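Take a look at the structure below.
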Amino acid sequence: MTDSITVNKKIYKGLDVCKLIAAVLVVFLHTVENSDYIANGIKFTITAFAVPFFFIASGFLFFKGLDCAANKKEYFIKYEKNLILLFIVWALIIYSPLVIKSYIQGNPAASGLKIVLLLIRRIFIIGPGVYWYLLALIITICFLYFCYEKKTEKLLIVAMIIGFSLNVMYTSFNSFLSEISIFNYLFNAIYFIFSWESNFIMCGIPFCGLGFIIAKYNFNISLKLSALIFVVFTLARVFEYTSSKIFSDSLFFQNNRLSIAYVLQAVAFFFIALNIQPSVSEKTSKALRQLSSFIYFSHAIILYSILNKILEKYMGNNIYLNIMLVPKLLLTLIICVVLFVIIKRINNKVLNILING
């Protein structure tokens with residue numbers, strides 16, 4: 001999502017369009033803020049593949065750029081500088097003050113040292129809010145470059161297998177495997193360090209690495225087959241969500257929720273994006289790419305810190321009802337688009353950082 005899609009003058013317009021779709025799905029993911037079974041089922045089914053898709057696309061485009069670059073080290077450094085700059089601006093300067101405030105208010109009895117340590121973990125190890133993606137990508141790209149330079153593809157594949165395995169075990173079989181001491185210790189360690197599976201080991205390297213390998217070997221799946229795979233695994237995603245009701249007498253399905261099908265959803269969606277040829281100009285394609293980045297980076301602040309606060313004053317907890325899902329989604333997107341258009345028209349070098357321009 002944060003990379004340049006122009007490689008040797010080739011524009012991947014399908015990726016640009018699908019990045020915007022994925023960004024909207026991420027907004028919907030965060031708009032569902034209640035425990036309603038249907039609403040959460042829709043969220044579970046159609047949003048989990050969005051960020052993995054971003055990682056796959058980033059790995060794919062990073063390889064394309066790196067492989068074609070005359071000075072590969074310079075390309076890598078420039079790529080990393082761009083990611084680090086985005087992290088500094090969005091995660092540290094804009095969002096971290098909100099994180100600091102919430103941690104101080106949420107831990108009134110904690111010492112200053114404990115607050116500082118918690119904030120270091122939250123901001124620089126886990127990643128604050130949605131910006132965990134940037135932190136994971138920064139580290140992952142370093143690893144991919146190392147593997148490329150050292151020609152250690154086996155190391156990359158091993159790391160991907162370990163990452164995917166940890167992800168599946170931690171998300172889908174946590175309760176079941178925790179009965180075994182070694183897995184219990186492992187899961188506790190993962191929780192202690194990262195809290196969740198969204199990190200460079202379990203998400204960044206596996207999915208970015210997949211895109212990297214797809215690009216290296218020019219692997220492709222036809223549009224029709226990709227679409228079929230996407231539909232099949234979307235239905236599988238529905239099964240995963242409803243499995244606890246289907247197998248209501250099974251203790252395993254009551255304590256463990258399967259979450260695997262989104263991996264194939266993300267892969268299929270990537271190949272759909274790679275194969276479609278939308279009728280848009282290169283200028284429009286670039287604008288869509290920048291808009292998808294801006295929506296991803298800005299929507300959480302707009303939704304949680306601004307829109308919800310204003311609506312709560314007039315509607316109270318009613319803003320979390322299902323009837324408000326679409327209005328909040330649309331309002332958030334409208335605000336994002338308006339701010340994006342304003343920044344584009346101002347065309348200031350500093351402000352353009354906000355849209356990854």
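Model, not experiment: these values are computed from the prediction.
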Is there a donor-acceptor contact under 3.5 Å from the side chain of Tyr241 to the main chain of Lys43?
no
Check whether any side-chain N or O of Gln254 sits under 3.5 Å from a backbone N or O of Phe247 as a donor-acceptor pair, and report yes or no.
yes
Residue among Phe269, Phe207, Phe230 satisfying ring-ring contact (aromatic ring centres under 6.0 Å, His included) with Phe53
Phe269
Side chains of [X] and [Y] in contact at under 4.5 Å (non-hydrogen atoms):
{"X": "Ser178", "Y": "Phe183", "value": "no"}
{"X": "Glu240", "Y": "Phe44", "value": "yes"}
{"X": "Ile213", "Y": "Phe219", "value": "no"}
{"X": "Asn356", "Y": "Leu86", "value": "yes"}
{"X": "Lys150", "Y": "Leu155", "value": "no"}
{"X": "Leu258", "Y": "Phe253", "value": "yes"}

Minimum heavy-atom separation for [X] to [Y], with atom names?
{"X": "Ala268", "Y": "Ser226", "result": "CB-O, 3.4 Å"}
{"X": "Ser259", "Y": "Ser172", "result": "N-OG, 2.8 Å"}
{"X": "Phe187", "Y": "Phe173", "result": "CE1-O, 4.3 Å"}
{"X": "Leu354", "Y": "Phe297", "result": "O-CD1, 4.4 Å"}
{"X": "Ile205", "Y": "Phe143", "result": "CD1-CD2, 3.8 Å"}

Which other residues belong to the hydrophobic cluster containing Leu117, where Ile, Leu, Val, Met, Phe, Trp and Tyr are joined when side-chain heavy atoms lie under 4.5 Å apart, directly or via other members?
Leu113
Aromatic ring proximity, centroids under 6.0 angstrom, Phe49 and Tyr262:
no
What's the spacing between [X] [atom1] and [Y] [atom2] if we round to 0.5 Å?
{"X": "Phe270", "Y": "Ile214", "atom1": "CZ", "atom2": "CD1", "result": "5.0 Å"}
{"X": "Thr31", "Y": "Leu25", "atom1": "OG1", "atom2": "CG", "result": "10.5 Å"}
{"X": "Ser285", "Y": "Tyr12", "atom1": "OG", "atom2": "OH", "result": "12.0 Å"}
{"X": "Asn167", "Y": "Ile190", "atom1": "CG", "atom2": "CD1", "result": "9.0 Å"}
{"X": "Leu274", "Y": "Ile56", "atom1": "CG", "atom2": "CD1", "result": "11.0 Å"}
{"X": "Phe212", "Y": "Ile157", "atom1": "CZ", "atom2": "CD1", "result": "11.5 Å"}

For the CD1 atom on Ile180, are there more than 12 heavy atoms of other groups (residues, nucleotides or ligands in this structure) within a distance under 6.0 Å?
yes
Take atom CD1 of Ile246 as the centre, draw a 6.0 Å sphere, and report whether it contains more than 12 heavy atoms from other residues, nucleotides or ligands.
yes
According to side-chain hydrogen bond (donor to acceptor under 3.5 Å, both in side chains), does anything in residues 112-124 pair up with another residue at least two apart or in another chain? List the pairs.
Arg121-Ser195
Scan for side-chain hydrogen bond (donor to acceptor under 3.5 Å, both in side chains) pairs involving residues 308-334, sequence neighbours excluded, and state none if there are none.
Glu33-Asn308, Glu33-Lys328, Asn34-Asn322, Asp36-Asn322, Asn308-Lys328, Glu312-Tyr320
Could you tell me whether Lys344 sits above the aromatic face of Phe294, with NZ or CZ closer than 6.0 angstrom to the six-membered ring centre and within 45 degrees of the axis?
no
side-chain contact (heavy atoms from CB on, under 4.5 Å) involving Ile276 - partner list, sequence neighbours excluded:
Cys18, Leu223, Ile272, Pro278
Under the side-chain contact (heavy atoms from CB on, under 4.5 Å) test, which residues partner Glu80, sequence neighbours left out?
Phe76, Leu83, Ile138, Ile141, Cys142
Run the side-chain hydrogen bond (donor to acceptor under 3.5 Å, both in side chains) test against Ser243 and tell me which residues pass, sequence neighbours left out.
none
Can a donor-acceptor pair be found between the side chains of Asn174 and Asn256 at a distance below 3.5 Å?
no
